[in-house]
Structure formats: C-alpha cells, structure tokens
Amino acid sequence: MQNLQFERAWDKTISEKDRERINNVFLKTNSSTNRGIQFTPLWQAVNHKSELLVTTLIQNFSEQTLIFNNRKLLYFKNNKLIAEHIFSIPNLLVERNTSIPWTFIFPVNSVLQQADLLNGYIEMDEKNN
C-alpha cells in the first residue's frame with residue numbers, strides 16, 4: 001500500500017488547494033501495479049533567476065529507500081530533453097511504498113532549451129545512478 005507523505009516544511013506551508021491537488025493526483029496514481037520509481041508531474045514554473053522549477057510527486061514503488069545523492073534527473077517535453085541536472089539533497093529520502101511531493105530546481109546552466117511549461121516530465125538517468 002502506497003503512503004502519501006509531506007516533507008515537514010511542505011506540510012507547514014502548502015496551501016489547502018495545492019494539498020488537495022496533490023492528494024487527487026496521488027489517489028489516481030498510487031496503483032499497486034506500478035514498480036520502481038515514478039515521477040508524476042504536478043506543475044512547472046520559472047523563477048526570478050530563470051531557473052526551472054519542476055514540482056513532481058516522487059513515487060517509490062520499489063522495496064528500497066530512494067536517496068538523492070548525485071542523482072541525475074532529466075526533464076523532457078514531447079520526448080525532447082529540456083534540462084538535466086545532478087541533484088544531491090541529503091534531507092530527501094523516499095521510503096519504499098511512499099510518495100512525496102517535491103520541487104526540483106534546475107539551474108539556468110542546466111536548461112538546454114526553452115519550452116512552454118505544460119506537460120513536461122522528469123525521469124531518472126539510470127545509467128548515471
């Protein structure tokens with residue numbers, strides 16, 4: 001059974017509207033037929049520094065804890081690579097059978113091309129992890 005958790009800072013600051021949206025996505029995607037790690041897109045934005053912010057529901061359907069230590073993530077739009085970056089986030093641990101919302105910030109120099117902010121998705125670069 002998949003568990004939805006919010007990181008402590010998120011839990012304190014997230015709006016009720018966003019919490020409901022995340023919960024709805026979780027309820028639609030927490031199927032026990034999934035395996036491995038899945039990044040379910042929630043929303044994307046660009047901040048004042050022109051960094052790409054991709055908020056996703058990290059869903060760990062595997063039997064191991066997912067640790068973000070030098071994890072290369074790829075951001076795609078229409079099967080075209082838009083951004084890639086290696087993330088080390090010591091306080092982000094996704095236990096097995098757990099889903100956690102998270103915003104990944106791709107620095108400006110990791111964005112390979114501009115794209116509209118609709119229907120993008122993240123994948124983990126398995127050969128680099």
Side-chain angles (χ1 to χ4, degrees):
M1 178 79 177
Q2 196 72 2
N3 231 352
L4 176 60
Q5 291 183 353
F6 290 87
E7 191 266 338
R8 191 178 317 136
W10 273 66
D11 202 29
K12 290 179 182 178
T13 61
I14 192 167
S15 72
E16 203 51 48
K17 178 181 153 195
D18 287 343
R19 183 183 299 274
E20 185 176 315
R21 184 174 174 189
I22 291 166
N23 194 51
N24 287 337
V25 169
F26 172 75
L27 291 173
K28 291 177 187 171
T29 59
N30 70 353
S31 167
S32 61
T33 61
N34 291 325
R35 295 287 174 252
I37 307 299
Q38 182 174 314
F39 295 87
T40 303
L42 295 169
W43 54 83
Q44 300 93 41
V46 174
N47 69 11
H48 67 282
K49 298 181 193 174
S50 297
E51 296 167 319
L52 177 63
L53 287 71
V54 181
T55 303
T56 184
L57 187 60
I58 307 165
Q59 296 181 284
N60 185 356
F61 295 99
S62 78
E63 292 300 315
Q64 293 152 26
T65 298
L66 175 61
I67 300 168
F68 282 84
N69 183 25
N70 293 318
R71 291 259 178 207
K72 186 175 188 179
L73 298 183
L74 311 169
Y75 178 73
F76 291 92
K77 165 79 181 191
N78 295 329
N79 295 320
K80 289 175 74 175
L81 182 63
I82 302 300
E84 61 182 294
H85 187 66
I86 296 173
F87 290 89
S88 289
I89 309 168
N91 61 330
L92 178 57
L93 303 172
V94 185
E95 300 291 335
R96 64 188 188 99
N97 301 317
T98 300
S99 296
I100 295 177
W102 193 265
T103 299
F104 292 98
I105 301 172
F106 289 84
V108 174
N109 64 354
S110 71
V111 179
L112 307 172
Q113 65 182 39
Q114 297 301 316
D116 63 40
L117 299 175
L118 299 172
N119 304 318
Y121 58 94
I122 286 181
E123 291 183 359
M124 204 162 31
D125 185 353
E126 293 298 335
K127 30 180 211 272
N128 206 16
N129 290 307

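- Of the inter-residue distances, the one linking Leu27 atom CG with Leu4 atom CG reads 8.0 Å to the nearest 0.5 angstrom.
- When the side chains of ILVMFWY residues are joined at heavy-atom separations under 4.5 Å, either directly or via intervening members, Phe87 and Val94 end up in a single hydrophobic cluster.
- Remark: Ser15 OG to Arg21 CZ distance equals 9.5 Å, nearest 0.5 Å.
- Applying the salt bridge (charged side-chain N to carboxylate O under 4.0 Å, His left out) test to pairs two or more places apart or on separate chains, those with a residue in residues 83-109 are Glu63-Arg96, Lys72-Glu84.
- Among Ile37, Leu66, Ile89, the single residue meeting the side chain to side chain contact (heavy atoms under 4.5 Å, CB included) criterion with Arg71 is Leu66.
- Ring geometry, Tyr121 versus Phe76: the interplanar angle falls under 30°, so the pair is classed parallel (tilted spans 30 to 60°).
- A side-chain N or O of Ser88 and one of Asn70 form a donor-acceptor pair less than 3.5 Å apart.
- A side-chain donor from one of Gln59 and Thr29 sits under 3.5 Å from a side-chain acceptor of the other.
- In terms of hydrophobic clustering, with Ile, Leu, Val, Met, Phe, Trp and Tyr side chains grouped at heavy-atom distances under 4.5 Å, Ile105 and Phe68 are assigned to different clusters.
- Of the N and O atoms on the side chains of Gln5 and Thr98, not one donor lies less than 3.5 Å from an acceptor on the other residue.
- Using a distance-only test at 3.5 Å, with no hydrogens or angles considered, a donor-acceptor pair links the side chain of Asn47 to the main chain of Lys49.
- In the hydrophobic cluster analysis, where Ile, Leu, Val, Met, Phe, Trp and Tyr join through side-chain heavy atoms closer than 4.5 angstrom, Leu81 is grouped apart from Val46.
- Within a 6.0 Å sphere centred on CD of Gln113, heavy atoms belonging to other residues, nucleotides or ligands number more than 12.
- His85 places none of its side-chain heavy atoms less than 4.5 Å from the side chain of Phe104.
- Hydrophobic clustering of Ile, Leu, Val, Met, Phe, Trp and Tyr side chains at less than 4.5 Å, counting indirect connections, unites Leu42 with Phe39.
- A donor-acceptor pair is defined here as one N or O able to donate and one able to accept, closer than 3.5 Å; such a pair exists between the side chain of Thr56 and the backbone of Thr40.
- Residues Ile58 and Leu92 have side chains in contact (heavy-atom distance under 4.5 Å, counting atoms from C-beta outward).
- Here the closest heavy-atom approach between residue Ser31 and residue Phe61 is recorded as O-CE2, 3.4 Å.
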* Give the intermediate values and the outcome of side chain to side chain contact (heavy atoms under 4.5 Å, CB included) for residues Asn119 and Lys77. => CA-CA 7 Å; Asn119 304 318; Lys77 165 79 181 191; 4.2 Å; yes

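- None of Val25, Asn23, Ile100 except one satisfies the side chain to side chain contact (heavy atoms under 4.5 Å, CB included) rule with Leu57; the exception is Val25.
- If you chain together hydrophobic residues whose side chains sit under 4.5 Å apart, Leu93 and Leu73 never meet in one group.
- Among all heavy-atom pairs drawn from Pro107 and Glu51, the shortest one is CA-CG, 4.1 Å.
- Here the rule is side chain to side chain contact (heavy atoms under 4.5 Å, CB included) with Leu74, and of Asp125, Ile82, Leu112, Ile122 only Asp125 fits it.
- The CD1 atom of Ile22 sits 3.5 Å away from atom CD1 of Ile14, with the distance rounded to the nearest 0.5 Å.
- With contacts defined as side-chain heavy-atom distances shorter than 4.5 Å, the pair Ser110/Ile86 does not qualify.
- Under the 30°/60° scheme for interplanar angles, the aromatic rings of Trp10 and Phe6 are found to be tilted.
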